[in-house]
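The model shown is predicted, which means the values in this text are computed figures rather than measured ones. The figures that follow rest on heavy atoms only: side chains count, while hydrogens, waters and symmetry mates do not.
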There are 2 protein chains.
Amino acid sequence: MQVTSFCAIVSIMKVTHSQLSKDAKRSSCPIACVLDILGDKWTLIVVRDLFFGKTTYSEFLASEENIPTNLLAERLKRLTSAGVVERIQYQDRPKRYAYHLTEKGQDLHHVLVALVGWGNKYIPETISLKEIEKRVTIGGSDSKGDDLLK
Amino acid sequence: MQVTSFCAIVSIMKVTHSQLSKDAKRSSCPIACVLDILGDKWTLIVVRDLFFGKTTYSEFLASEENIPTNLLAERLKRLTSAGVVERIQYQDRPKRYAYHLTEKGQDLHHVLVALVGWGNKYIPETISLKEIEKRVTIGGSDSKGDDLLK
DNA sequence: TGTTGTAACTTGCATATTTAAAGTTACTAT
DNA sequence: ATAGTAACTTTAAATATGCAAGTTACAACA
């Protein structure tokens with residue numbers, strides 16, 4: 001049997017269109033490229049939590065926005081493979097993992113500050129960075145959110 | 001006939017769950033609220049085009065990212081109802097419309113600049129703001145993208 | 001008069017993603 | 001032996017996306 005077309009190859013590979021183009025950029029525009037990584041309703045919420053010192057899967061799950069658990073898992077994988085976060089095993093028996101922002105992830109600081117600034121200015125009932133910190137951190141304890149609070 | 005439950009009312013109204021909660025915030029966190037408006041792969045691309053002086057439906061369609069036409073229509077409606085853009089009829093017979101950023105929309109400047117900065121720093125092959133301007137504007141003509149270029 | 005062209009959308013449908021809920025694995029604690 | 005917890009995975013239904021084709025309202029040309 002001879003493969004006669006690109007589509008035939010694709011069907012043999014059992015690769016869908018979205019998988020095929022998963023790493024193909026839509027354009028070389030930085031905005032489009034960044035949106036391919038961060039452009040959805042949940043990813044930057046996880047990044048926010050990381051800025052405020054959350055590190056574990058169950059801590060992210062506990063945030064008031066209630067991210068579905070499968071989406072949290074998928075987003076953490078995406079952020080990890082994008083080099084924005086690192087996953088570190090901090091305990092054996094039972095195995096436990098901590099997620100941390102890499103330098104690349106910490107540099108999203110400016111993006112989050114810009115979003116908070118715009119939200120606070122134009123969306124009523126929106127709370128300030130300091131108030132977010134109180135809500136996000138568990139009991140306002142050992143937060144690194146000061147990174148965000150400048 | 002008497003309406004006996006909230007669900008009955010909802011079914012009479014023919015309102016789905018997502019429509020019901022369309023304006024209900026996930027939280028009072030400004031990041032979450034902003035993502036409810038801008039958090040997808042296309043919305044900020046349209047905003048980018050507006051910053052670079054594009055105003056018409058067909059101009060947005062012509063961008064190299066190739067937004068599907070139904071999504072463009074939906075996003076323009078969302079941005080309009082969010083007060084980020086204005087739709088103005090600039091001609092009768094045949095009717096033609098122009099979209100413009102409101103002041104609220106122009107204030108997204110900082111967000112776009114932060115995204116471009118991060119993208120240029122961490123995503124290879126990503127072009128600069130000046131190069132984006134050349135690609136986005138039709139022949140580099142009468143762009144207002146200087147707003148973005150500071 | 002009829003044909004072609006264009007802007008600004010809308011509609012239909014297949015596929016992909018999201019959501020909510022339940023299930024899994026590997027342990028610790030009682 | 002039973003219950004509890006962290007970190008996920010799986011499933012199925014609802015919703016959103018992507019692509020193509022269709023619509024409306026005109027203008028311009030032959």
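- Axis angle across the helix from C:dT1-D:dA30 to C:dT30-D:dA1, with five pairs used at each end and values rounded to 10°: 10°.
- The distance from the OH atom of A:Tyr90 to the OH atom of A:Tyr99 is 11.0 Å, given to the nearest 0.5 Å.
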Which atoms of nucleotides 25-30 of chain C (N or O only) lie under 3.5 Å from a protein N or O atom, and what are those distances?
none

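- Side-chain polar atoms of B:Asp49 and B:Ser63 form a donor-acceptor pair below 3.5 angstrom.
- For C:dT17, the OP1/OP2 oxygens have no side-chain nitrogen or oxygen of A:Trp42 closer than 4.0 Å.
- Counting only residues at least two apart or in different chains, salt bridge (Lys or Arg N to Asp or Glu O under 4.0 Å) contacts with residues 99-110 of chain A comprise A:Asp107-B:Lys121.
- A:Val47 and A:Ile88 end up in different hydrophobic clusters when Ile, Leu, Val, Met, Phe, Trp and Tyr side chains are linked at under 4.5 Å.
- Atom CG of A:Leu61 is separated from atom P of D:dT9 by 12 Å (rounded to the nearest Å).
- One atom, NZ of B:Lys54, and another, P of C:dA7, lie 13 Å apart when rounded to the nearest Å.
- Whole-Å rounding puts the B:Tyr57 OH to D:dT24 P distance at 16 Å.
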Just do the salt bridge (Lys or Arg N to Asp or Glu O under 4.0 Å) check on A:Asp36 and A:Arg26 with the steps written out, would you? CA-CA 8 Å; A:Asp36 284 338; A:Arg26 288 185 289 178; 3.2 Å; yes

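- A heavy atom closer than 4.0 Å to some atom of DNA chain D occurs in A:Thr69, A:Asn70, A:Ala73, A:Lys77, A:Arg87, these being the qualifying members of residues 63-87 of chain A.
- Surrounding CD of B:Glu125 are at most 12 heavy atoms belonging to other residues, nucleotides or ligands under 6.0 Å away.
- Going from atom OH of A:Tyr97 over to atom C1' of D:dC8 covers 10 Å, rounded to whole Å.
- Under the rule for a salt bridge (charged side-chain N to carboxylate O under 4.0 Å, His left out), the partners of B:Glu64 that lie at least two apart in sequence or sit in another chain are B:Arg135.
- In this structure, the CG atom of A:Asp40 is 14 Å from the C1' atom of C:dA16, given to the nearest Å.
- One finds a side-chain N or O of B:Tyr99 lying less than 4.0 angstrom from the OP1 or OP2 phosphate oxygen of C:dC9.
- For A:Lys41 and C:dA20, the NZ to P distance is 14 Å, given to the nearest whole Å.
- Contact between B:Val136 and B:Phe52 at its shortest, heavy atoms only, is CG1-CB, 3.5 Å.
- Summarising the geometry of A:Gly119 relative to B:Val34, their closest heavy-atom pair is CA-CG2, 3.6 Å, with the distance given to 0.1 Å.
- Qualifying side-chain hydrogen bond (donor to acceptor under 3.5 Å, both in side chains) partners for A:Thr43, counting only residues two or more places apart in sequence or in other chains: A:Asp40, A:Arg75.
- Taking atom CD of B:Gln91 as the reference point, atom P of D:dA25 lies 16 Å away to the nearest angstrom.
- The interatomic distance linking B:Phe60 (CZ) with C:dA7 (P) rounds to 14 Å, in whole Å.
- Nearest heavy-atom pair across A:Cys33 and A:Ser27 is SG-O, 3.4 Å.
- When the side-chain nitrogen and oxygen atoms of B:Thr56 are compared with OP1 and OP2 of C:dA8, one or more of them lie within a distance under 4.0 Å.
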